[in-house]
Number of protein chains: 2
Amino acid sequence: MSIYVHNGFMDTLQILEPVAGPEADDVCCAPSGKPALGVDEARQKALVFRALADPNRLRLLSIVKAGESGEACVCDLTAPLDLGQPTVSHHLKILVEAGLLHREKRGTWAYYSLVPGALERTAGLLASL
Amino acid sequence: MSIYVHNGFMDTLQILEPVAGPEADDVCCAPSGKPALGVDEARQKALVFRALADPNRLRLLSIVKAGESGEACVCDLTAPLDLGQPTVSHHLKILVEAGLLHREKRGTWAYYSLVPGALERTAGLLASL
DNA sequence: CACATAGATTGACATGCGTCGATATAGGTG
DNA sequence: CACCTATATCGACGCATGTCAATCTATGTG
């Protein structure tokens, strides 16, 4: 029977926004019977936190944020992280799919920048637990 | 050579607090040469987000938070999550070690409650990236 | 077009992690 | 002490994930 549902998800999830209200799930017994976080809602929020759950990805966000221009290309990111280029590209992709980074290709280079307000909305996810 | 340092860490990490200022790491080349997140700092912050990176743990936090008394025992948590008792205990342990939950044993029962301000401090981690 | 460079994708490998069943431990009750 | 109940811990299993080397794609440049 279904263990590991393997959240088959899309890109650039936008859970950071509304998500409707806490749907009534209404536990039968226990302490207060409050609805709390629904299964789907929890799964989506966890995806965002999963993107933040790696030290190198946190550093990527930090470097991009700290950059003068607010953006950085891959070649600027491999050196400080001491990681191979494919690995950095991999991490950046995860951050983009989580809705935290924006990717813009200009010429040969790909410039990554913070999605405006994304970090704030993510912080908001914690408050609305 | 050392890949995967396997962060050998302790319990109830308190990264949620000060952590000193962003230490000067000063990259040599690239875009802005900003210090950004240090390696150790990133690793510790990632531990907190990793605790939040699981749907069932988010639901645990939510249920505990929503509870009338602000606390819940394990027996109240297994049913709504549809998980075995050992699994719930496992998740709770991770949340305690992340500094998000507090455990208090009273009689035969173990009561878990939100560490006051922990979620807010975690939200602050995002702002200080 | 030939060639160089930036970045993404693929495949493989090892480790991490969520889950369970079984078992151990601790407190309560007779 | 014997027994029950609530949790915690252990060992195992399988999927997930971070990493790299190799390769592919796209954009320049001669």
Side-chain angles (χ1 to χ4, degrees), chain A residues 1-9 11 29-31 39 42-43 46-47 49-60 64 71-79 81-98 101-112, chain B residues 1-9 11 29-31 39 42-43 46-47 49-60 64 71-79 81-98 101-112:
Chain A
M1 56 185 63
S2 69
I3 311 172
Y4 279 110
V5 189
H6 181 234
N7 42 35
F9 265 83
D11 1 46
C29 36
V39 177
R43 192 164 49 207
L47 283 180
F49 290 119
R50 187 169 315 200
L52 295 167
D54 180 89
N56 287 320
R57 286 198 287 271
L58 289 180
R59 298 189 77 202
L60 282 173
V64 169
E71 58 182 15
C73 62
V74 180
C75 61
D76 294 330
L77 297 169
T78 51
L81 289 208
D82 195 34
L83 288 177
Q85 172 266 315
T87 303
V88 172
S89 277
H90 171 71
H91 285 312
L92 289 170
K93 184 178 184 180
I94 289 175
L95 289 170
V96 168
E97 289 177 344
L101 283 187
H102 171 250
R103 186 186 110 114
E104 184 188 349
K105 185 129 190 218
R106 288 204 303 271
T108 315
W109 295 273
Y111 292 91
Y112 289 86
Chain B
M1 56 184 60
S2 70
I3 311 173
Y4 280 109
V5 189
H6 182 233
N7 43 33
F9 264 82
D11 1 47
C29 35
V39 177
R43 192 164 46 207
L47 283 181
F49 290 119
R50 187 168 316 226
L52 295 167
D54 180 88
N56 288 319
R57 286 198 288 271
L58 289 180
R59 298 190 76 202
L60 282 174
V64 169
E71 59 182 16
C73 63
V74 180
C75 59
D76 294 330
L77 297 169
T78 51
L81 290 207
D82 195 35
L83 288 177
Q85 172 266 315
T87 304
V88 172
S89 278
H90 170 71
H91 285 312
L92 289 169
K93 183 178 185 181
I94 289 175
L95 290 170
V96 168
E97 289 177 344
L101 283 188
H102 170 250
R103 187 186 109 114
E104 183 189 351
K105 185 128 190 218
R106 288 204 303 270
T108 315
W109 294 273
Y111 291 91
Y112 289 87

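The sequence lines fix the lettering, A, B, ..., with proteins before strands; numbering per chain opens at 1.
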Would you say the side-chain atoms of A/R50 pair up with the backbone N or O of B/A53, donor to acceptor, closer than 3.5 Å? yes
Please classify the nucleic acid contact of A/L92 as base, sugar-phosphate, or nothing, using heavy-atom distances under 4.0 Å. nothing
Measure CG/A/L95 against C1'/D/dT17 and give the value in whole Å, please. 14 Å
Testing D/dT19, C/dG27, D/dT7 for proximity to the side chain of A/T87, the answer is D/dT19
Determine whether B/L77 and B/R59 make a side-chain contact, defined as any pair of heavy atoms from C-beta on separated by less than 4.5 Å. no
Would you mind telling me which of D/dT7, C/dA8, D/dT19 lies closest to the side-chain atoms of A/H91? D/dT19
Has A/R103 got a side-chain atom pairing as donor or acceptor with A/K93's backbone, closer than 3.5 angstrom? no
Interatomic distance where CG belongs to B/L101 and C1' belongs to D/dT7 [whole Å]: 15 Å
Send over the distance from A/L83 CG to C/dA6 C1', rounded to a whole Å. 17 Å
5'-most by nearest nucleotide on DNA chain D - B/V74 or A/G84: B/V74
Give one of base, sugar-phosphate or nothing for A/I94, where a contact means two heavy atoms less than 4.0 Å apart. sugar-phosphate
Side chains of A/F49 and B/L58, heavy atoms from C-beta outward: is any pair under 4.5 Å? yes
From the list C/dG7, D/dT9, C/dG28, which nucleotide is the closest neighbour of the side chain of A/C75? C/dG7
Write down the distance between NE2 (A/H90) and P (C/dA6), rounded to a whole number of angstrom. 22 Å
Decide yes or no for B/H91 and B/L83: does some side-chain heavy atom of the first lie under 4.5 Å from some side-chain heavy atom of the second? yes
Look at the side-chain N and O atoms of B/Y112 and state whether any lies under 4.0 Å from the OP1 or OP2 oxygen of D/dA6. no
On DNA chain C, compare the nucleotides closest to A/A110 and B/D54; which residue's is nearer the 5' end? A/A110
Taking only side-chain nitrogens and oxygens of B/S89, does any of them come within less than 4.0 Å of OP1 or OP2 of D/dT7? no
Whether A/R103 contacts C/dA8 is assessed here as follows: a side-chain N or O lying under 4.0 Å from the phosphate OP1 or OP2. Is that the case? yes
Taking every non-hydrogen atom, the tightest pair across B/A51 and B/L95: O-CD2, 3.8 Å
Between C/dT25 (P) and B/K93 (NZ): distance, integer Å: 15 Å
Rounded to whole angstroms, how far apart are OH on A/Y111 and C1' on C/dG7? 12 Å
Looking at the side chain of B/R50, which of C/dC17, C/dG7, D/dG18 is the nearest nucleotide? C/dC17
Side chain B/Q85 and base D/dA6 donor-acceptor under 3.5 Å: no
If I take atom CH2 in residue A/W109 and atom P in nucleotide C/dA8, what distance separates them, rounded to the nearest angstrom? 14 Å
The side chain of B/P86 lies closest to which of these nucleotides: C/dG21, C/dG7, D/dG28? C/dG21
Atom CG of A/D82 and atom C1' of D/dG18 are separated, to the nearest Å, by 14 Å
